[in-house]
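Right, one structure below, let's go through it.
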Amino acid sequence: MGLLQKLEVSHAPGTSYQQMFLLNDDLVPVPPEKRTWRSRNFFAFWIADSFNVNTWMIVSSMIQLGLSWWQAWICVWIGYGIVAPFIVMNARPGAIFHVTFPVVARTSFGIYGSLWCTFNRGVMACIWYGVQASIGGDCVKVMLRAMWPSVNNIPNHLPESSGTTTRDFMCFFLFWLISLPAIWFPIHQIRHLFTVKSIVTPIAGITFFIWCIVKAKGVGPIVSRPSSIYGSDLGWAMVASLMSCISNMATLVTNAPDFASRATTPSAAVLPQLITVPLSFSLVSFIGIIVSSSSETIYGEAIWSPIDLLGRFLDGNPSHATRFGVWFISFAFIIAQLGTNISANSISAGCDLTALFPRFINIRRGGYVAAIVGICMLPWNLLKSSNSFASYLSAYSVFLSSIAGVMITEYYMIRRGHYRVADLYDARQEGWYWYTWGINFRAYAAYIAGILINVVGFAGATGRTVPLAATRIYQMSFFTGFGVSALIYYLLNRAFPVPGLSKEFEEVDVSNFYDPHGTSTAVKNESMGEADSTRDSKELDRKVDDA
């Protein structure tokens, strides 16, 4: 047996690459025994996901734009309140049919056309893994300083061209290393990590909140500072601020089916997400506002990064109580960053990469690939030019919002909940999702249109001079990208109807490949990619109009 054969994932003997691409263990509908995510797990997931350094600091850019603290906080409420329904809508196919994002993307972009969308999401997951790991390394540095102050004095033996120091790289590597065991657990089991995080991190956040108020003898000056902009400038600053909240969630909107596919019931992925997303993110940002405001009283300047503020607490000769407090809070932030990296990046990368390279990668291996890419990309160099890097990452939400616009329109407006699940794993030209050579050009026309409307505005965001109208359009990039792609996709499907165009909404698998309620058989033909759909009933054929 050669080396390549040894590296292959487990599969039936004689299975071709095309068969593995169409149907493998990580792409088939999740079996009932792995649908373990209940409502409380989705509550815990979003509470856990909201508590991280990025959420803590999200209002800092808003206040720097000239907003008052309460105006910025309103933007957070509205932004996350708006994005929550998009998460629920895109998660619905996963919750009903128990399939992940790469499979859901096949319904709109085609069996082979979905690969580009999957590749896009996978690349972003790998990049963000490195970025979040770099922030996690800063948390480790503060925690180690609280335990052993001499850590801060470790001599540097790395050249300046490396972009980091011996101390900082050691802390980054330690965080990267402790993240590896968490990647090992499958999605249906990793929910326990989010439960632990949802308990530990709020306790640490409230402790930090009270500690800073007591230390500053009040809430600080930021809460009494009015906005410095008015009129239309204030209005557009608030629009840009709430859009930044939405853009930060674009990746989780896109891959929402990954977690929903593990839901015990479809309802478990509805109310918990609708309620918890705006509530948890808003409360964490509020704690960040008050803590940063208090820091201005303590140190004469607002310190928005909680890690930098904890580091300041360790300067001088802190007491043992201070060092313990810093240790506990920084330890909680390590758990926070770890949980965020697993939920938003390693699992997403695993689901995406197993669809792209099914012969060698499963979800677990895909998570480790993301970790390897995360360290090889030297993320500390990217974060040096944080403004331009953040601009490019935010701009990437345009690509993802256009993908989401097509996917959601497909499910709710075109085939209206009707799936032919057997065709999702079949490359026959008669299948619903074959389209043209396996690619749905309607979806790609809509996707490109959603990107193009924001291209000029993006150029303006990178420093070029563009018309004001283009800037305004780009400031609403998620809505313009999503809206244009959704509209174009709907119109193209009306002009050039696809098989299965439905007149009424009903969430049903017309191929009888898989019963959403878990009562029917799974694969009707053991030969992969050759599932038989001849048992479609006349009643279902009447409901599904092959226009």
Can you name the nearest heavy-atom pair linking [X] to [Y], along with the distance?
{"X": "Cys171", "Y": "Leu144", "result": "SG-CD1, 4.2 Å"}
{"X": "Tyr425", "Y": "Val421", "result": "CD1-O, 3.3 Å"}
{"X": "Arg106", "Y": "Leu424", "result": "NH1-O, 2.6 Å"}
{"X": "Ser162", "Y": "Leu158", "result": "OG-CB, 3.6 Å"}
{"X": "Phe169", "Y": "Thr164", "result": "N-OG1, 3.6 Å"}
{"X": "Ser292", "Y": "Trp304", "result": "OG-CE3, 3.1 Å"}

[X] [atom1] to [Y] [atom2] distance, which is reported to the nearest 0.5 Å:
{"X": "Met89", "Y": "Leu274", "atom1": "CE", "atom2": "CG", "value": "9.5 Å"}
{"X": "Ser348", "Y": "Ile363", "atom1": "OG", "atom2": "CD1", "value": "10.0 Å"}
{"X": "Asp138", "Y": "Ser330", "atom1": "CG", "atom2": "OG", "value": "11.5 Å"}
{"X": "Thr201", "Y": "Ile334", "atom1": "OG1", "atom2": "CD1", "value": "13.0 Å"}

*asked:* If we ignore hydrogens and angles and just use 3.5 Å, is the side chain of Ser198 paired with the main-chain N or O of Ala48 as donor and acceptor?
replied: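 Side chain of Ser198 to backbone of Ala48: no pair is present.
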_Using modelled atom types and a 3.5 Å cut-off, is there a donor and acceptor pairing between side-chain atoms of His98 and backbone atoms of Ser261?_
yes
For [X], all residues meeting side-chain contact (heavy atoms from CB on, under 4.5 Å), sequence neighbours excluded:
{"X": "Asn152", "value": "Arg145, Arg167"}
{"X": "Pro149", "value": "Arg323"}
{"X": "Ser319", "value": "Ala321, Thr322"}
{"X": "Leu252", "value": "Trp46, Asp49, Met249, Asn255, Ala344"}

*Can you check side chain to side chain contact (heavy atoms under 4.5 Å, CB included) on Val83 and Tyr80, steps first, answer last?*
CA-CA 5 Å; Val83 81; Tyr80 286 104; 4.2 Å; yes
*Can you list every pair that meets side-chain hydrogen bond (donor to acceptor under 3.5 Å, both in side chains) and has a residue in residues 172-187, with sequence neighbours left out?*
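For residues 172-187, and leaving out neighbouring residues, there are no side-chain hydrogen bond (donor to acceptor under 3.5 Å, both in side chains) pairs at all.
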*So which pairs with a foot in residues 81-94 pass side-chain hydrogen bond (donor to acceptor under 3.5 Å, both in side chains), sequence neighbours left out?*
Arg92-Glu507
Residue pair [X] / [Y], side-chain heavy-atom distance below 4.5 Å:
{"X": "Val291", "Y": "Pro306", "answer": "no"}
{"X": "Thr100", "Y": "Pro257", "answer": "no"}
{"X": "Thr107", "Y": "Met407", "answer": "no"}
{"X": "Leu400", "Y": "Thr251", "answer": "yes"}
{"X": "Ile361", "Y": "Asp26", "answer": "no"}
{"X": "Pro93", "Y": "Tyr419", "answer": "yes"}
{"X": "Ile403", "Y": "Phe109", "answer": "yes"}
{"X": "Asp168", "Y": "Thr165", "answer": "yes"}

Under the ring pair (Phe, Tyr, Trp, His ring centres under 6.0 Å) rule, collect the residues that match up with [X], sequence neighbours excluded.
{"X": "Tyr368", "result": "none"}
{"X": "Phe45", "result": "Trp37, Phe194, Phe259"}
{"X": "Phe185", "result": "none"}
{"X": "Phe331", "result": "Trp327"}

If you draw a 6.0 Å radius around [atom1] in [X], do more than 12 non-hydrogen atoms from other residues or ligands fall strictly inside?
{"X": "Tyr299", "atom1": "OH", "answer": "yes"}
{"X": "Phe119", "atom1": "CZ", "answer": "no"}
{"X": "Lys34", "atom1": "NZ", "answer": "no"}

*Check step by step if ring-ring contact (aromatic ring centres under 6.0 Å, His included) holds for Phe51 and Phe333.*
CA-CA 8 Å; Phe51 196 97; Phe333 271 109; 5.3 Å; yes
_Intermediate values then yes/no, side chain to side chain contact (heavy atoms under 4.5 Å, CB included), Ile47 and Ile199_ = CA-CA 9 Å; Ile47 292 172; Ile199 296 172; over 6 Å; no
Does the side chain of [X] pick up a donor-acceptor pair with the side chain of [Y] at under 3.5 Å?
{"X": "Asn52", "Y": "Thr55", "answer": "yes"}
{"X": "Arg262", "Y": "Thr36", "answer": "no"}
{"X": "Lys197", "Y": "Thr340", "answer": "yes"}
{"X": "Asn362", "Y": "Thr354", "answer": "no"}

Report the relative orientation of the aromatic rings in [X] and [Y]; use parallel for angles under 30°, tilted for 30 to 60°, perpendicular for over 60°.
{"X": "Trp380", "Y": "Phe172", "value": "perpendicular"}
{"X": "Phe399", "Y": "Tyr447", "value": "tilted"}
{"X": "Phe286", "Y": "Trp73", "value": "tilted"}

*Go through Trp211 and Phe313 one step at a time and tell me if the ring-ring contact (aromatic ring centres under 6.0 Å, His included) criterion holds.*
CA-CA 11 Å; Trp211 188 9; Phe313 284 0; 5.0 Å; yes
*asked:* Applying salt bridge (Lys or Arg N to Asp or Glu O under 4.0 Å), can you list everything that pairs with Arg312, at least two apart in sequence or on another chain?
replied: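 Listed in chain order: Glu301.
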*side chain to side chain contact (heavy atoms under 4.5 Å, CB included) between Cys245 and Ile58: does it pass, once the steps are laid out?*
CA-CA 8 Å; Cys245 300; Ile58 196 164; 3.8 Å; yes
*Do Thr118 and Asp352 pass the side-chain hydrogen bond (donor to acceptor under 3.5 Å, both in side chains) test, and can you show the C-alpha distance, the side-chain angles, and the key distance before you say yes or no?*
CA-CA 5 Å; Thr118 305; Asp352 296 338; 5.1 Å; no
*Please, which pairs that meet salt bridge (Lys or Arg N to Asp or Glu O under 4.0 Å) have at least one residue in residues 326-349, sequence neighbours excluded?*
none
